[in-house]
Amino acid sequence: MGIVSIDDDLHDQLRRASKVSCRSINAQAAYWIKIGMLCETNPTLSFTEIIEREFSSAGVSAQSLAWRDA
């Protein structure tokens, strides 16, 4: 495993995002790297399409939520 040098501002954003997503800072960085690579190698797909494809390949059946007015 290697060490990646990032600037302080990006590290701060990683720290903040990791709290929101309940991931470690390293897991958040890995997630952003993976999504970035998938976006670069699949430029015609939207973020949502990429996530749906990843869920499907992992065997996750994510259903859309229908919001109802109370």
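In what follows, every heavy atom counts, from backbone to side chain, and hydrogens, waters and symmetry copies are set aside. One is the number of the first residue; the rest follow in order along the sequence.
Within a 6.0 Å radius of CG in D7, other residues, nucleotides and ligands contribute more than 12 heavy atoms.
Atom CG of L38 and atom CD of E54 lie 5.0 Å apart (nearest 0.5 Å). Taking OG of S57 as the start and CD of E52 as the end, the distance is 12.0 Å to the nearest 0.5 Å. Between atom CG of residue D9 and atom NE2 of residue H11 there is a gap of 11.5 Å, rounded to the nearest 0.5 Å. Rounded to the nearest 0.5 angstrom, D8 CG and L10 CG are separated by 10.0 Å.
Nearest heavy atom pair, residue Q28 against residue S21, reads OE1-OG, 2.6 Å. Residues S24 and S18 come closest through the heavy atom pair O-CB, 3.7 Å.
Each of R15, R16, R23 was scored for a side-chain contact (heavy atoms from CB on, under 4.5 Å) with K19, with one residue passing: R15.
Y31 is not connected to V20 by any chain of hydrophobic side-chain contacts under 4.5 Å among Ile, Leu, Val, Met, Phe, Trp and Tyr, and they are in different clusters. Cluster membership for I35 and F55, using ILVMFWY side-chain heavy atoms within less than 4.5 angstrom, is shared. One hydrophobic cluster, built from ILVMFWY side chains closer than 4.5 Å, cannot hold both F47 and M37; they sit in different ones. I51 and W32 fall within the same hydrophobic cluster, defined by Ile, Leu, Val, Met, Phe, Trp and Tyr side-chain heavy atoms under 4.5 Å apart, directly or through other members.
Here the side chains of I6 and L14 are in contact, with some heavy-atom distance below 4.5 Å. Residues E49 and T44 form no side-chain contact, since every pair of their non-hydrogen atoms from C-beta on lies 4.5 Å or further apart.
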